[in-house]
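Numbers here are sequence positions counted from 1.
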Amino acid sequence: MCGRARCTLRADDIPRACRLNGRPVRSINTDRYRPSYNVSPGRDIPVVRREDGSDGDGVVLQCMKWGLIPSFTKKDEKPDHYKMFNARAESIREKASFRRLVPNHRCVVAVEGFYEWKKDGSKKQPYYIHLKDGQPLVFAALYDTWKNSEGEIHYTFTILTTSSSSTLGWLHDRMPVILGHKESMDTWLFGSPSSKFETVLKPYEGPDLVWYPVTSAMGKPSFDGPECVMEIKLKTEETKPISQFFSKKGVDSEQGSNLGSMHGDLIKNNQPKSLKEEPQTQDRLDHPFVTDEGNDESKPNISTLTNEGAGNLPIKRDYKELSANTKPVSGKAEKPQTSPARKKKNVGPADDEQPTLLSFFGKR
């Protein structure tokens, strides 16, 4: 905190944002400045500092790299701008890296806003924090110079942070030191070394500081453009547990079973009386939803027939009994058949009789 910022201001607008009120400004290396919606440590940003050795109004607008490299760093050491891109305001007078910079190496940084990530377990959601009216934010900072092995002098800076405000504490426990008015800027930038800077190094409690969620692509330093500050809608609807899908399936299966039983009962009730009075074994064969676990292999098993087939194809013995009740019987007694299988093959069903089950097999 703070590790990402938006700085798309024009270089000549930065002195005005810092409320220098017509002070003479000298520019150094401002041609290195590249406006960006996603500024990360190691990038060049215009910084306002007081002119070296000047006790008056001299001000310098100079491009510096974000991420402090102390002057005592070895010349052949590879600089790491992520080590000191922030400095805790509460300890700048105690740590050697910052204590020596407080008297004469104070500066301010102007940006349109900054980003912070809200941690939720293993997930992190970025938010864009800015002023409601779109005015730039001005941060308190410290700068230093470092000379590398080739004799080049590099200017780098670090942004001061403090405890979070009462309204922003839900997002993070730290926030940058925001200099919200001209008096605080002048105190930090032009105050004497003996000034009590603690009065301005405090959380910003202004109600005009607002925020909203932005795309998680902000995590990539290469991601840049207006899409960085576009507000997104967070998903608030919780995902349904997988157990609900199994429960629903169980209910549907039970309903389907009940419907099947009702359908079978309708078939059974619509059959002739002689069929309904058959023994239980026959009733189980005609009901497709009841399985006969003790089924004899010598008897045909038609439990796999559909409801329609089971209702329309009674065995021939039942059909004969039904015919006896509706047609006159000749004087000659007819020998009862004990099994449909003993019927002669050359005797087919009468024109007015319903086809038997065996006649269907004979047609193949």
Side-chain angles (χ1 to χ4, degrees), residues 1-15 17-18 20 24-54 58-89 91-111 114-115 136-161 176-177 179 188-190 193 221-222 224:
M1 179 66 205
C2 141
R4 295 291 176 83
R6 171 192 175 184
C7 187
T8 56
L9 296 168
R10 287 176 23 178
D12 54 359
D13 286 336
I14 293 177
C18 298
L20 296 179
V25 178
R26 183 168 66 95
S27 298
I28 300 177
N29 296 330
T30 54
D31 57 327
R32 299 178 182 177
Y33 171 52
R34 297 292 182 271
S36 174
Y37 288 86
N38 189 6
V39 180
S40 58
R43 297 284 296 272
D44 288 291
I45 303 178
V47 173
V48 174
R49 65 176 177 86
R50 190 168 60 178
E51 185 78 65
D52 294 336
S54 174
V59 177
V60 175
L61 177 66
Q62 182 176 359
C63 257
M64 300 184 186
K65 285 189 180 297
W66 183 12
L68 190 75
I69 305 298
S71 58
F72 53 76
T73 304
K74 295 180 179 180
K75 293 182 179 182
D76 57 350
E77 186 174 342
K78 184 178 180 180
D80 185 356
H81 296 284
Y82 280 87
K83 281 186 177 181
M84 297 183 185
F85 62 85
N86 284 164
R88 296 176 69 91
S91 60
I92 58 174
R93 291 186 180 273
E94 301 172 2
K95 294 187 176 182
S97 299
F98 312 122
R99 183 176 60 241
R100 58 191 176 79
L101 304 177
V102 173
N104 300 306
H105 284 74
R106 302 185 301 273
C107 62
V108 293
V109 183
V111 298
F114 65 99
Y115 304 90
L137 295 168
V138 179
F139 298 156
L142 294 170
Y143 74 94
D144 203 354
T145 59
W146 169 68
K147 183 182 290 187
N148 63 12
S149 59
E150 298 177 357
E152 298 174 340
I153 297 178
H154 294 266
Y155 282 80
T156 60
F157 71 93
T158 183
I159 295 175
L160 302 189
T161 65
V177 174
L179 304 174
W188 178 249
L189 195 57
F190 302 106
S222 59
D224 200 355

Measure up the F85 and W66 rings against each other and bin them: parallel (under 30°), tilted (30 to 60°), perpendicular (over 60°).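 Rings of F85 and W66: perpendicular, over 60°.
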Nearest heavy-atom neighbours spanning [X] and [Y]:
| X | Y | answer |
| --- | --- | --- |
| V138 | A17 | CG2-O, 3.7 Å |
| L9 | A110 | CD1-O, 4.0 Å |
| A11 | P15 | O-CD, 3.4 Å |
| P70 | M84 | CG-SD, 3.8 Å |
| R50 | P103 | NH2-O, 4.4 Å |
| L189 | L20 | CD2-CD2, 4.2 Å |

Sequence-distant partners of R4, salt bridge (Lys or Arg N to Asp or Glu O under 4.0 Å), two or more places apart: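 In terms of salt bridge (Lys or Arg N to Asp or Glu O under 4.0 Å), with neighbours along the sequence ignored, R4 is linked to no residue.
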To the closest 0.5 Å, what do you measure between [atom1] ([X]) and [atom2] ([Y])?
| X | Y | atom1 | atom2 | value |
| --- | --- | --- | --- | --- |
| I159 | L68 | CD1 | CG | 11.5 Å |
| R49 | Y143 | CZ | OH | 4.5 Å |
| N29 | Y155 | CG | OH | 9.0 Å |

I need the single residue from H105, H154, R100 that forms a side-chain hydrogen bond (donor to acceptor under 3.5 Å, both in side chains) with S71. Which is it?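 Output: one option passes, namely R100.
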Should the heavy atoms of other residues, nucleotides or ligands under 6.0 Å from CZ of R99 be counted, would the total exceed 12? yes
Could you go through the side-chain contact (heavy atoms from CB on, under 4.5 Å) check for Y33 and L61 one step at a time? CA-CA 11 Å; Y33 171 52; L61 177 66; over 6 Å; no
side-chain contact (heavy atoms from CB on, under 4.5 Å), that's the test. Do K147 and I153 meet it? Break it down for me. CA-CA 4 Å; K147 183 182 290 187; I153 297 178; 4.1 Å; yes
Test log, rule side-chain contact (heavy atoms from CB on, under 4.5 Å), inputs K65 and D44: CA-CA 4 Å; K65 285 189 180 297; D44 288 291; 3.3 Å; yes
Is there a donor-acceptor pair under 3.5 Å between the side chain of W146 and the backbone N or O of T73?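 Yes, the answer is positive, given that a donor and an acceptor are paired below the 3.5 Å cut-off.
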Just by distance, do the side chain of H81 and the backbone of G67 share a donor-acceptor pair under 3.5 Å?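 Answer holds: yes.
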Show your working on side-chain contact (heavy atoms from CB on, under 4.5 Å) between L142 and R106 and close with a plain yes or no. CA-CA 5 Å; L142 294 170; R106 302 185 301 273; 4.0 Å; yes
